Number of protein chains: 2
Amino acid sequence: MPGKSTPLKTTYHHGDLPQQAHQLALETLREHGDSAISLRALAKQIGVSAPALYRHFIDRESLLAEVAVTGFESLRERLLAVDQSSPRLALVDIGLVYVSFAQEEPNLYRLMFGGRVLPRGVHPRLDMAGKNAFQVLEDTIARAQQVGYVKPIPLSLMTAAAWSMVHGLAQLTIDGHLPSAKAEPHLAEGVVTLLLDGSLANNEQQHKDTSS
Amino acid sequence: MPGKSTPLKTTYHHGDLPQQAHQLALETLREHGDSAISLRALAKQIGVSAPALYRHFIDRESLLAEVAVTGFESLRERLLAVDQSSPRLALVDIGLVYVSFAQEEPNLYRLMFGGRVLPRGVHPRLDMAGKNAFQVLEDTIARAQQVGYVKPIPLSLMTAAAWSMVHGLAQLTIDGHLPSAKAEPHLAEGVVTLLLDGSLANNEQQHKDTSS
DNA sequence: GTAACAATGTTACTGGTGATAACTTATGCC
DNA sequence: GGCATAAGTTATCACCAGTAACATTGTTAC
């Protein structure tokens, strides 16, 4: 593996092109959005010719898809880190973590969910990564249902509602339609709580605000 | 106004370029998404040179913004047509109409809310059109609150929750993350109802399902 | 009516992009 | 060492947004 111990020496073979391209694409995405990602510009920054990238990514969209995959994995890890000891806290926190992720990484989040630039059904790994992240949300809701904390409505319905809520709030805030967390720190909590309180099992309704 | 009575005659001046470009862009958007809109292609289809379009649209984004404006106006009209006689029916229906619009016009909806391609604060008419559409939703909620049907929580919070919910559901379904109305006809109703039931005033909770 | 002007077209061009073909060089395996 | 293959290279195509300079038409003042 040449160039590893002497990175300054110009070698014909780069040795780590895919990973470096991925990393640089992620940084460009973060700063300037997905439309700013050009294979030619990436190649020039890395110091390689543009067609070299096509040895590792079948096209531009595939590179974007790989970046989006790591985005979903990152989101999933954050969701998995939520404390699950209390059903209510877990539900609220997972919603807040979800929204926070989108607000901290708006361009990455837009890439992950911008159905136009990365359509479903084209990149299997991307679809899977998205599903895995979503699964954490669903598992948390299922757990709260099994404990009897939320109404026994169909899990798919409850999950769809929760996901729609946090995803909608995320999108609307990062696009400036609704005030961001900076301007309205408690908006996300209020919104998530509002949905949650409509989903409580009856015996939980009276003391629902004691645990928050 | 030459060429009006004899539309087949080739005239140097087109006479209706902006409107025809707008219309054609809308059709292209509907069928193939905003990324398929190219000023050159539009010009060729209309039978005019590409730079001619720049006499009427300062750049590509401005054309897209104009299309998005008409999209918001169309959405607003649909929301205004909702029957407002019953607070509950009005709230549910306005949510369903909102989601239906997105599902019937996915590419248009994506353009309207794809913050990446049309950022806020750049096209004042677009921002205004979006605000006007949103206002219909807020007014409906305010009305229901004044009648005492929903909890007296801050209007901005209630509105943010409702908008987040329908917007999130719209996005997730048109991008294939959640089943569309075709696969799950009652999903939208269930989701909207779930949020609504968490927002009812206390005296409405027992007979909340009699009016649906 | 015509001259001046503004509006709306035109061709020619620049710089940038994704993608492919054909060629070259290094790597690793036998 | 020799050779297949992986991973680079240059050359090229087709498309795109946008600008400059020029041409034509419509309108308005005189």
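Just so we're on the same page: letters track the sequence lines, and every chain starts at 1. We use all heavy atoms of the structure for the numbers below, so side chains are in, but hydrogens, waters and symmetry mates are not. None of these values were measured; they are calculated from a predicted model.
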Next item on the list: Mind jotting down which residue pairs meet the salt bridge (Lys or Arg N to Asp or Glu O under 4.0 Å) criterion with at least one end in residues 62-79 of chain A? Sequence neighbours excluded, please.
Entry: A:Arg78-A:Glu104
Notebook entry, point to check: For A:Ser199, what residues pass the side-chain hydrogen bond (donor to acceptor under 3.5 Å, both in side chains) criterion, not counting sequence neighbours?
Noted result: none
Next item on the list: Could you pull out all residues at least two apart from B:Arg120 that satisfy side-chain hydrogen bond (donor to acceptor under 3.5 Å, both in side chains)?
Entry: A:His177
Next item on the list: Mind checking side-chain contact (heavy atoms from CB on, under 4.5 Å) for A:Val82 and listing every partner two or more places apart, or none if nothing turns up?
Entry: A:Asp93, A:Ile94, A:Val97
Checklist line | Phosphate-side-chain proximity, B:His56 and C:dG9, N/O vs OP1/OP2 below 4.0 Å | finding: yes
Could you tell me how far apart [X] ([atom1]) and [N] ([atom2]) are, to the nearest whole angstrom?
{"X": "A:Asp16", "N": "D:dA7", "atom1": "CG", "atom2": "C1'", "result": "13 Å"}
{"X": "A:Leu53", "N": "C:dT20", "atom1": "CG", "atom2": "P", "result": "13 Å"}
{"X": "B:Gln20", "N": "C:dG9", "atom1": "CD", "atom2": "C1'", "result": "15 Å"}
{"X": "B:Ile46", "N": "C:dT10", "atom1": "CD1", "atom2": "C1'", "result": "16 Å"}

Next item on the list: Summarise how protein sits on nucleotides 11-21 of chain D as a single string, 5' to 3': B when a protein heavy atom is under 4.0 Å from the base, S for sugar-phosphate-only contact, - for no contact.
Entry: B----BBBB-B
Notebook entry, point to check: Between A:Thr173 and A:Gln103, does any side-chain donor sit less than 3.5 Å from a side-chain acceptor?
Noted result: yes
Kindly list each side-chain donor-acceptor pair under 3.5 angstrom involving residues 36-49 of chain B, sequence neighbours excluded, with atom names and distances?
residue: B:Ser38; atom: OG; partner: B:Arg40; partner atom: N; Å: 3.3
residue: B:Ser38; atom: OG; partner: B:Ala41; partner atom: N; Å: 2.9

